[in-house]
Amino acid sequence: MEESKAYVASQFLAKTSSGENINTYTLQGAGGVRMDVNNYGGKITRLFLPDRKGELKDCILGFNDVEGYEKVDAYLGSLIGRYGNRIAFGKFTLDGQTYELPLNNDPGGLQCCLHGGAKGWDAFAWKPIPFQEGDTVGVIFTFESPDGDQGFPGNVKVKVTYTLTPDNVWRIEYEAVTDKPTPINMTQHVYFNLHGEGEGTILDHDLTLFADKMTVVNKGLIPTGEIASVKGTPFDFTTPHKIGERIRVENEQLAFGKGYDHNFVLTEPSKDGAPVKAAELYEATSGRYLEVWTSEPGIQIYSGNYLGPHIVGKNGIPYQENSGVAMETQHYPDSPNRPEFPSTIVRPGETYRTVTEYRFGVK
Ligand code: BGC
């Protein structure tokens, strides 16, 4: 039998400032894609994608060391939990009890809890278990979040499995159980730039979204409750458009976000937990593209509006506005305060289970 081209290699990276060991796992896929991930918040730190000629380039934003991630709060390449995106005023009521969360973000002067709070699941060492099964490689990350973690109720045990398949699919499977009812809304915050990390912006990338509606936000980027059609607006990506084509047009929603920073509602979300196609991103000069498939009902498109030269990436290149785009699959923002939105509440005895795939290729 031919030996597989796939392998997993591990290397000690660093200790966190609180003394936990962080390892990097290199996942070499049989299809040619290679990625580095580590157990500091399950971060993906490098993603080598071939172009039309087969030339590999690292196409995500990130740092070489753990310190960079500890200092900069842009969530580069990170897992996000317990609740991805925003909860208005850091408050919600569940089964008659009100919970208060850290207020770590205040767009437009309105305070909220963003991405799980001041110390979300992105900022912890997780337990890593690398694996290889034939041509398929990956890492399982587990983590236990105690009752009261960042104000959220319930001891939550969480497991995230990263798999790199022989056909160049990065699959992310999320699972969690709790001993008290609690909201859970996990995502991955990787920023892509299909030219290569530090090589200009994503404004010339073609984006397609299989989403004909969006959750309209107020100046604090909190949903107002209105779910609006994207038709005839700069948010209509139901056919491919360059991200930069309409990003600076006069539009209140774009002004609130300083660009795209909005939750899109999938036209035909998954009914049975199997992932459906949510998005496509294509860069014409290299030919690189990716598809996002998910079991989640929404996707946040964040065009890197707050990236800038205060962030110097792993190759020493200062970032700029729109250096990368995050495509975060999720339930809608502020769902714990919006009973009309699909529920994010997980109860004891239930298992939170979602899956997202980033499928890479060239055309
Ligand atoms: C949010 C942005 C926020 C960014 C932080 C995104 O998921 O939607 O509003 O600024 O994360 O890096």
Side-chain angles (χ1 to χ4, degrees), residues 41-45 60-63 68-90 101-123 172 185-193 201-202 207 209 211 214-224 235 243 247 252-265 278-279 281 292 294 296 298-313 319-335 344 356 358:
K43 290 186 176 53
I44 176 166
T45 58
I60 60 167
L61 308 190
F63 300 116
Y69 292 102
E70 285 185 325
K71 277 200 207 133
V72 173
D73 64 356
Y75 304 92
L76 304 183
S78 200
L79 287 175
I80 304 288
R82 184 177 298 198
Y83 196 93
N85 213 281
R86 295 183 168 79
I87 296 180
F89 307 112
L101 314 169
L103 298 167
N104 60 331
N105 191 238
D106 60 353
L110 294 181
Q111 291 191 311
C112 67
C113 179
L114 174 67
H115 294 331
K119 188 164 181 182
W121 294 354
D122 56 289
I172 309 170
N185 186 26
M186 294 191 69
T187 192
Q188 227 296 348
H189 209 291
V190 58
Y191 294 75
F192 296 99
N193 184 323
T201 74
I202 47 70
L207 176 67
L209 295 176
M214 63 183 287
T215 47
V216 174
V217 290
N218 65 18
K219 65 177 180 182
L221 300 184
I222 301 290
T224 60
F235 292 85
I243 294 177
I247 196 169
E252 189 180 56
Q253 288 295 303
L254 285 173
F256 287 160
K258 220 178 148 246
Y260 295 103
D261 192 358
H262 295 79
N263 173 64
F264 289 79
V265 173
L281 186 70
V292 186
T294 188
E296 288 289 313
I299 185 166
Q300 184 88 8
I301 299 298
Y302 172 53
S303 51
N305 314 325
Y306 289 94
L307 298 173
H310 61 289
I311 307 177
V312 177
Y319 292 156
Q320 51 183 305
E321 192 175 341
N322 315 122
S323 274
V325 56
M327 309 170 81
E328 308 153 57
T329 57
Q330 61 183 6
H331 270 54
Y332 311 165
D334 202 31
S335 293
T344 52
T356 290
Y358 294 102

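From a predicted model like this one, the values you see are computed outputs, not experimental measurements. Indexing begins at 1, ligand by ligand and atom by atom, following the structure's order.
Taking every heavy atom of Gln300 and a limit of under 4.0 angstrom, the matching atoms of ligand 1 come to 8 (O). Taking every non-hydrogen atom of Asn85 and a distance limit under 4.0 Å, the qualifying atoms of ligand 1 come out as 8 (O). Of all the atoms in ligand 1, the ones that sit under 4.0 Å from a non-hydrogen atom of Tyr191 are 12 (O).
Atom 1 (C) of ligand 1 has Asp261 OD1, 3.5 Å as its closest protein atom, hydrogens excluded (heavy atom only). With hydrogens left out, the protein atom closest to atom 4 (C) of ligand 1 is Tyr302 CE2, 3.7 Å, a heavy atom. For atom 6 (C) of ligand 1, the closest non-hydrogen atom of the protein is His189 NE2, 3.2 Å. Among protein heavy atoms, atom 3 (C) of ligand 1 sits closest to Arg86 NH2, 3.9 Å. In terms of protein heavy-atom proximity, atom 5 (C) of ligand 1 is nearest to Tyr75 CD1, 3.8 Å. Atom 7 (O) of ligand 1 has as its closest protein heavy atom Glu328 OE1, 2.7 Å.
Between the Asn218 side chain and the Thr224 main chain, no donor and acceptor come within less than 3.5 Å of each other. Judged purely by atom type and a 3.5 angstrom limit, Gln330 has no side-chain atom pairing as donor or acceptor with the backbone of Met186. For Gln253 (side chain) and Val217 (main-chain N/O), a donor-acceptor pair under 3.5 Å exists by modelled atom type. Between the side chain of Asn305 and the backbone N or O of Tyr260 there is at least one donor-acceptor pair closer than 3.5 Å.
Applying the side chain to side chain donor-acceptor pair (under 3.5 Å) test to Lys258 and every residue at least two apart in sequence or in another chain returns nothing.
Using a 4.0 Å cut-off between heavy atoms, Asn105 makes no contact with ligand 1 at all.
For the ligand labelled ligand 1, residue Ala326 lies outside the 4.0 Å heavy-atom shell. Taking 4.0 Å as the cut-off, Tyr260 does not count as a neighbour of ligand 1 on heavy-atom distance.
Two rings, from Tyr191 and Tyr75, have their centers 6.0 Å or more apart.
Taking any N or O of Ala74, backbone or side chain, at least one lies under 3.5 Å from an N or O belonging to ligand 1. Polar contact check, Tyr306 against ligand 1: no nitrogen or oxygen pair lies under 3.5 Å apart.
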Requested in this report: Kindly determine whether Thr356 and Thr329 satisfy side chain to side chain donor-acceptor pair (under 3.5 Å), including the steps that lead there.
Outcome: CA-CA 7 Å; Thr356 290; Thr329 57; 2.7 Å; yes
Report task. Go through Gln300 and Asn85 one step at a time and tell me if the side chain to side chain donor-acceptor pair (under 3.5 Å) criterion holds. Result -> CA-CA 9 Å; Gln300 184 88 8; Asn85 213 281; 3.3 Å; yes
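Relative ring orientation between His115 and His189 is described as perpendicular, the plane-to-plane angle rising above 60° on a 0-90° scale split at 30° and 60°.
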